[in-house]
Visitor: 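First, the structure itself, so that you have it in front of you.
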2 protein chains.
Amino acid sequence: MKTDIEIAREAHLEPIQTIADNIGINANDVIPYGHHIAKTPLSLIDEEKVKNSNLILVTAITPTKSGNGKTMTSVGLSLGLNQVGKKAIVALREPSLGPCFGMKGGAAGGGYSQVLPMENINLHFTGDFHAITSANNTISAMIDNYQFQNRKTGKALKEVVWKRVQDVNDRNLRSMISGVGGNANGVTSETGFDITPASEIMAILCLANDLEDLRTRLENITLGYDFDNNPFTLKDLGIAGAIVVLLKDALNPNLVQTTENTPAFIHGGPFANIAHGCNSVLATKMALSYGEYVVTEAGFGADLGAEKFLDIKCRNAGIAPKATVLVATTQALKYHGGVPQDAIKEANEKGLRNGFANLDRHIKNLQSFGQSVVVAINKFHTDSDEEIQMIKDHCAAQGAACEILEAFVHGGKGAVDLANAVVNAVENNPSSEINYAYDLEDSIEDKLSKIAKNIYGADGIELTGKAKTALKRIKRLGLENYPVCIAKTQYSFSDDANALGKMEDFKITFDDLIINTGAGFIVAKSGAIMRMPGLPKVPQALHIDFVDGKIEGLS
Amino acid sequence: MKTDIEIAREAHLEPIQTIADNIGINANDVIPYGHHIAKTPLSLIDEEKVKNSNLILVTAITPTKSGNGKTMTSVGLSLGLNQVGKKAIVALREPSLGPCFGMKGGAAGGGYSQVLPMENINLHFTGDFHAITSANNTISAMIDNYQFQNRKTGKALKEVVWKRVQDVNDRNLRSMISGVGGNANGVTSETGFDITPASEIMAILCLANDLEDLRTRLENITLGYDFDNNPFTLKDLGIAGAIVVLLKDALNPNLVQTTENTPAFIHGGPFANIAHGCNSVLATKMALSYGEYVVTEAGFGADLGAEKFLDIKCRNAGIAPKATVLVATTQALKYHGGVPQDAIKEANEKGLRNGFANLDRHIKNLQSFGQSVVVAINKFHTDSDEEIQMIKDHCAAQGAACEILEAFVHGGKGAVDLANAVVNAVENNPSSEINYAYDLEDSIEDKLSKIAKNIYGADGIELTGKAKTALKRIKRLGLENYPVCIAKTQYSFSDDANALGKMEDFKITFDDLIINTGAGFIVAKSGAIMRMPGLPKVPQALHIDFVDGKIEGLS
């Protein structure tokens, strides 16, 4: 089979104005970025249509290092829905540049289920991440300048908590001392960089319901604390308007197309292990304004992405999925069932059955949220009919529909069965209203405990000294009614990336609680999760090249 | 009179495809970024036409803090040339975001001589600076990762010289210790950030003659030195291809339009005090391919911008201006003549005459390069007829043409006299071949001495211990044949920003010589010049806002 990039190159792309026109958007209303990408103004959102469309969430079982093919499934399902006569649109996150050059490669689907032009989407795209980086770091420069200019006035803050970001994996910037070398070089500070997808600005852009909401959230960002322990916000710094100016174009969702020329809105990109993990509210609403079915994705496993999609994004935006697709592969199931990585392609009935513990907890969790669950088996050519049938039988026993998906190889035609299962779920067995994992009125400890116990299957939680100190501040400031955004490894229900299989008798340790008064949540950082990734021994950058006018090494 | 942003908003903009079509570029060949900005593929450059067009350099006398209106003059002159029947195009640098939010405001001309859409040009534009920042900092992460992964192999370098950049004024990042907090956070390093316009990647993008040249220059970047003092390049690191991929779109010049709907290519933006200070070779060549006259600008005063334009850019690209316009204002002349800042708008014959020393040295310098010089007086309504006549008489005595320019108030109609003077210079008294300020075969000390003595009027140069050590390395590596790119204050011929007037009896001290084997020059850093600006007490960001769908506070 051809590589992703070969398939992408051979696809016939329609002018983006044609794609817009096909779904009822006036071609003159979109703002082109090249011939195949456009930004869509927020005035195109129709809240009435938003209410009447069908939102489908795609999530997954706990991933292996190579993932489960969730983005590919999301794209493929939208193609399948179009195949069965539904007007479907897919809404996805934008890939981050850092991982493209590090470990992960691109993130624009795969095989015959991709969003295009994949090279642009995986690289600078429409510059949204760069705008977020600029906004974030302009704030850093301004707050450090405030400290510098006020070092003799008594108005300087006791503590600055705002960090810089960049969209490059760079472990050397995780922790640093800035402002060294004397007075002309600023105020010496212990600080660091996170990756741009972990910026609170990214979360704000993704949660904002409109331009005014963006401004209000920006104004509310806590940058630091004065010597009386009062918060100092972006509004206090006086530059919220300048930051709005830096973000006003980035706020508009991006329209592209799939390998089968159906529309895709790709906008915003918080990671699901270190941030809230789903595309912007505005892109979802834009898609819901023009699609009968909208397929959207939440990052990593359902314990992380789907939980935050439901408890944070849906609660904030007043939207809810009619059904949830849970992606699984025989290989990931066997891996969770204790089969060594190098043997997971071989038939292994016992290993597969052992792996059902992971699948079952995700199904049960999603059902506890009130979701109508359809399991999608992302089928590989090494999968046997017996293995597929075992999974189907098992899902039936759990009250979940189950279909295979061959959209990687066959595009939309490979997703017809799954599409029919989803339509059946929406029409005959839709999700109930969302039964959130916690109430906003719960204390922060209770919110964390409920997620840990009811979603992860832990016995409870522990807070480190640092987290306890942060919790005191949260209580003192009256911020306990915020939702929690858990930062945790994506490879296990626990906070230990190596703990696989049926997890029992464990606790989740939170080592920091970060106050995000702009995004409007508390980031609960668990275990050893880092908000700035490093690079592997052999980064993907070594394989990326531009040869004869073509990009090599992106996938 | 209306503000710049009001004039910009009221201007009628043509679709960018129309602008392209007007100069003979097929509308389908440009890549739109919105409705009024496009990128132009390099295949549109026609080297034969490049040779037959007329290049006009716009430079200025030593500026005050508020500048001389050089960009406005460049735009205005192109409008004036169109008014007198010449097909003229202006080629300019892209503004840097950092200063827009700091001290300087925007950089897209002013009044009725602007390039539009000024808000986009002054903000993220087509993302070129962001691409350069990404490329620069991906290299940083990769070289630090190389050090990290090789900390036990013996292959780690002794010294890494590559710095990070960002397009935000941030004094706190000038000097820093990265990689603190233990082994997981990388290798502890003393390092820092420059502003993006000072990145060697910016210089490379602006000097590259084509895509292959870009790649070769990138491969040649020196990142550090091993324990045998051998250089370690980007080619050695193995990621030149990945960096080309990050820059391939940024390499295409950007097409916009002026307030009078004439074409403008705006591309690349090295500062002239800390870098080589002119727009990309490719934008200049693109403009020369479609214009009969091409007006281009070199940053800050002629001692900095014009010297580097001629000695570095023209020598590298094989181009040469037929005439050079030297912008002066009565206010700047009086300022250099010792009149206090708050009195420079008042008539002061003696002060004006004292200021001629600055004008004369710039005229003499440009003439020494073989340039046909036309002085442009950027006229303010406070200027008296007597003052203007004094300057004209004085210029005539120096063998330089002189005309006033009222393009700020009147657009192209205010630049007709200047345009005629420029056409007259090109047709009847063109520049000779460039007589460079130094030969490439000169030693580095001789190059620096020749510029210091013959251009700045200094008695000679001094090298600090650090610069002497760097010079030894340059000699050892056989890099003495590179041109020198002087980083020096823009406010004086000397290296002291406060030394004005007729400068005598001074030396230029160089405190570092930075090897740029990709750009192909040695950055000679003089005095206290910083390659990362700070923010003032009241940054411009405090005045920037987005109100009723309109940006306020950019100019």
Side-chain angles (χ1 to χ4, degrees), chain A residues 31-35 97 101 123-124 127 130-131 133-134 137-138 140-142 144-145 148-149 166-181 184-187 189 211 215 238-239 241-242 244-246 248-249 530 534-535 537 539 541-542 544-547 551-554, chain B residues 31-35 97 101 123-124 127 130-131 133-134 137-138 140-142 144-145 148-149 166-181 184-187 189 211 215 238-239 241-242 244-246 248-249 530 534-535 537 539 541-542 544-547 551-554:
Chain A
I31 303 151
Y33 278 65
H35 300 298
L97 257 180
F101 287 74
L123 294 169
H124 306 293
H130 294 321
T133 304
S134 290
N137 293 358
T138 294
S140 297
M142 294 281 164
D144 277 358
N145 186 55
F148 179 77
Q149 303 290 353
Q166 71 170 11
D167 199 19
V168 177
N169 292 15
D170 191 342
R171 70 167 66 74
N172 242 63
L173 293 182
R174 275 179 196 149
S175 183
M176 57 183 254
I177 313 292
S178 73
V180 303
N185 292 347
V187 177
S189 311
L211 187 69
R215 176 186 294 266
I239 60 162
V244 169
V245 165
L246 282 171
K248 71 178 184 51
D249 294 332
M530 303 234 190
L535 288 166
K537 200 166 187 75
L542 291 165
I544 295 176
D545 205 345
F546 194 59
V547 181
I551 296 175
E552 306 284 351
L554 275 182
Chain B
I31 304 150
Y33 278 65
H35 300 298
L97 257 181
F101 287 75
L123 294 170
H124 306 293
H130 294 320
T133 304
S134 290
N137 293 356
T138 295
S140 296
M142 293 283 164
D144 277 358
N145 186 55
F148 179 77
Q149 303 291 352
Q166 71 170 11
D167 198 19
V168 178
N169 291 15
D170 192 342
R171 70 168 64 73
N172 241 63
L173 292 182
R174 276 180 194 146
S175 184
M176 57 183 255
I177 313 292
S178 74
V180 303
N185 292 347
V187 177
S189 311
L211 187 69
R215 177 186 293 267
I239 60 162
V244 169
V245 166
L246 281 172
K248 70 178 184 55
D249 294 331
M530 303 233 190
L535 287 166
K537 199 165 186 74
L542 290 166
I544 295 176
D545 206 346
F546 194 60
V547 180
I551 296 175
E552 307 284 351
L554 274 182

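Lettering follows sequence order; numbering is per chain, from 1. Note that this is a predicted model, so its numbers are computed, not measured.
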Visitor: Top residue by heavy-atom pair count (under 4.5 Å) with chain A, among B:G534, B:G127, B:G186?
Guide: B:G186

Visitor: Top residue by heavy-atom pair count (under 4.5 Å) with chain A, among B:E552, B:M530, B:K248?
Guide: B:K248

Visitor: Can you say whether B:L542 sits under 4.5 Å from chain A via the side chain, the backbone, both, or neither, judging by heavy atoms?
Guide: both

Visitor: Looking at chain A, which one of B:I31, B:N172, B:T133, B:L246 has the largest number of heavy-atom pairs inside 4.5 Å, strictly under?
Guide: B:N172

Visitor: To the nearest 0.5 angstrom, please state how far the CG atom of A:D167 sits from the CZ atom of A:F101.
Guide: 10.0 Å

Visitor: I'd like to know which of B:V244, B:D144, B:D249 tops the heavy-atom pair count under 4.5 Å against chain A.
Guide: B:D144

Visitor: Walk me through whether B:H130 and B:H124 qualify under side chain to side chain donor-acceptor pair (under 3.5 Å).
Guide: CA-CA 8 Å; B:H130 294 320; B:H124 306 293; 2.9 Å; yes

Visitor: Considering only heavy atoms, which portion of A:L123 lies under 4.5 Å from any heavy atom of chain B: side chain, backbone, both, or neither?
Guide: side chain

Visitor: Check whether A:S189 reaches the backbone of A:V187 with its side chain - one donor and one acceptor, N or O, closer than 3.5 Å.
Guide: yes

Visitor: Based on non-hydrogen pairs under 4.5 Å, which of A:A184, A:G241, A:P32 is most in contact with chain B?
Guide: A:P32

Visitor: So is A:R215 actually on top of B:F546's ring, under 6.0 Å and inside 45° of the axis?
Guide: no

Visitor: Heavy atoms only: give me the nearest A:S178-B:M176 pair and the separation to one decimal.
Guide: CA-CB, 4.0 Å

Visitor: Taking all heavy atoms of B:A541 and all of A:A242, pick out the closest pair and write down the distance.
Guide: O-CB, 3.4 Å

Visitor: Where does B:M142 contact chain A at under 4.5 Å (heavy atoms): side chain, backbone, both or neither?
Guide: both

Visitor: Based on non-hydrogen pairs under 4.5 Å, which of B:G238, B:A131, B:G181, B:A141 is most in contact with chain A?
Guide: B:A141

Visitor: Sub-3.5 Å donor-acceptor pair from the side chain of A:N185 to the main-chain atoms of A:V180, do we have one?
Guide: yes

Visitor: Test your reading of the model: is there a side-chain donor-acceptor pair from B:Q149 to the backbone of A:L535, 3.5 Å cut-off?
Guide: yes

Visitor: Under 4.5 Å, counting heavy-atom pairs only, tell me which of B:N145, B:V168, B:I544 racks up the most with chain A.
Guide: B:N145

Visitor: Side chain, backbone, both or neither: which part of A:K537 has an atom under 4.5 Å from a heavy atom of chain B?
Guide: both

Visitor: Heavy-atom distances under 4.5 Å only: say whether A:P539 touches chain B with side chain, backbone, both or neither.
Guide: side chain

